[in-house]
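Presented below is the structure to which this report refers.
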Amino acid sequence: MKFDIKKVNYEGPKSKNPLAFKYYDKDEVINGKKMSEHLKFALSYWHTIDAENTDMFGGPTIDKKFGITDPMDLYKAKADFAFELMEALGIEYYCFHDADIAPEGKTVKESIDNFNQMVDYLAELQKKYGKKLLWDTANNFGDKRFMVGAATSANADVFAIAAAKVKACIDADIKLGGTGYVFWGGREGYDTLLNTDMGLELDNLGRFLTMARDYARSKGFKGDFYIEPKPKEPTKHQYDFDVATCVGFLRKYNLTGDFKMNVEANHATLAMHTFQHELRTARVNDAFGSIDANQGDLLLGWDTDQFPTNIYDTTMCMYEVIKAGGFTNGGLNFDAKTRRASNTFEDILYAYIAGMDSFALGYKLADKIIKDGRIDEFVEGRYASYRSGIGKEIVEGKTNLEKLAEYAVNLGDVKVESGRQEYLESLLNQLMFEGV
Ligand code: XLS
Ligand code: NI
Ligand code: NI
């Protein structure tokens, strides 16, 4: 099926064309790499191709069925639409759940058969358009079977069904050349401890991830596995609460190295952290992997999955990404949807343009902040006492509590330097808005 979506081009910051990029020029080379390589944008199938702006109080406000009723034909048309859209926007990657790309069958087997047929179709489209799979994942939360979890379900048959779906997704990932596999523990958590064996559930989750890793590696998968932390919603408490919790979990079950983090901006704020905090925590634990690019509304307490437009956030995000050495297997997946009242196909284009331009600006500003060097120098200077004398001994492990106590008793008044927060915040503004 042909959709004839008009190509969105880069026209520069002065352009008044709403359907043009103002900041994202995919071929612009900065630091020896194209912007498209720095940012590695991905389209999220579930929000962009399937979701129809429903909410808890009302049905669709946009129709993405294109008048097609046969289920397989419908999903093929959706795939055609996805690739034409990526082409129009100049997006190279996409991400999906098994349930996003193919119709559900009456049995597990029928669903997996439908899924495999569609994977073959996607492989053809990838070749035709030169697009790549960033990651895929199993939707092990939507069906009623998963009402109390998948790998952490109280029912072992559900654990097995979840495994079958993950296996099919790993096979698809390998077939499609994906470089990542995501685990978002939709219902891996609890609503009340009164009915929950937390120890068994966590051990089972560890067992499940270990089996998935071992299977994928045995089939030659070289990409990264990602855990996508989220503190709550749909369950009251999710085991993958935030990056720090996940890192602790991975260490306990010996999964570090293979598993990294897929950090989502809106999940960070739900966990009462900034997006940058989650990225920094991943980075300092060698667990930075990929990003679900969106933003929440701080006045609403759920995962609103809005397209990211907050430039402070995209800037500090890209600052962390650059400091982590850039993306390797990961990228920026727009796990974001248009608002319910944005009910036209054109709104999808506006949404991606807004998100992509915001990250292009974020990259450029982060690069500028790093090259300017004043913020990094300030931080370095702040810890100077750890580079000589007693501080150096602490860092190098050459002292102990007794020696420190001997040293400390002879100290007089110790002057602690100002943290200079307001100066740094105004320096950040100056770097961001210079020339206005
Ligand atoms: C939900 C999650 C989900 C994952 C993939 O909140 O963000 O969309 O990214 O399962
Ligand atoms: Ni997500
Ligand atoms: Ni989310």
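In listed order, ligands and their atoms are each counted from 1. FYI, side chains are in, hydrogens and waters are out, and symmetry mates aren't considered; it's all heavy atoms of this structure. Nothing here was measured: the structure is a model prediction, and the numbers come from that model.
- Nearest N/O/S atom of Asp303 relative to the Ni ion (ligand 3): this is OD2.
- Contact check on Lys64 versus Asp50 returns no salt bridge, with no Lys/Arg side-chain nitrogen under 4.0 Å from an Asp/Glu carboxylate oxygen.
- Under 4.0 Å from any atom of ligand 1, one finds heavy atoms of residues Trp46, His97, Trp184, Glu228, Lys230, Glu264, His267, Asp292, Asp303, Asp335.
- Between Trp184 and Phe141, the gap from one ring centroid to the other is short of 6.0 Å.
- Taking 4.5 Å as the limit, every side-chain heavy atom of Asp305 sits out of range of all side-chain heavy atoms of Phe334.
- Listed for the Asp240 side chain is no donor-acceptor partner under 3.5 Å among the backbone atoms of Glu228.
- Under the side chain to side chain donor-acceptor pair (under 3.5 Å) criterion, the residue pairs touching residues 186-199 are Thr152-Glu188, with sequence neighbours excluded.
- Applying the side chain to side chain donor-acceptor pair (under 3.5 Å) rule to pairs touching residues 352-361 yields Thr48-Tyr352, sequence neighbours excluded.
- Contact check for Asp367 versus Asn31: side-chain heavy atoms found under the 4.5 Å cut-off.
- Between the side chain of Gln238 and the main chain of Gly185, a donor-acceptor pair closer than 3.5 Å is present.
- Taking a cut-off of 2.8 Å, the protein N, O or S atoms nearer than that to the Ni ion (ligand 2) are Glu228 OE2, Glu264 OE1, Asp292 OD2, Asp335 OD2.
- Between the Thr179 side chain and the Asn329 main chain, a donor and an acceptor come within less than 3.5 Å of each other.
- Of the charged side-chain nitrogens involved, none lies within less than 4.0 Å of a carboxylate oxygen, so that Asp171 and Lys175 do not count as a salt-bridged pair.
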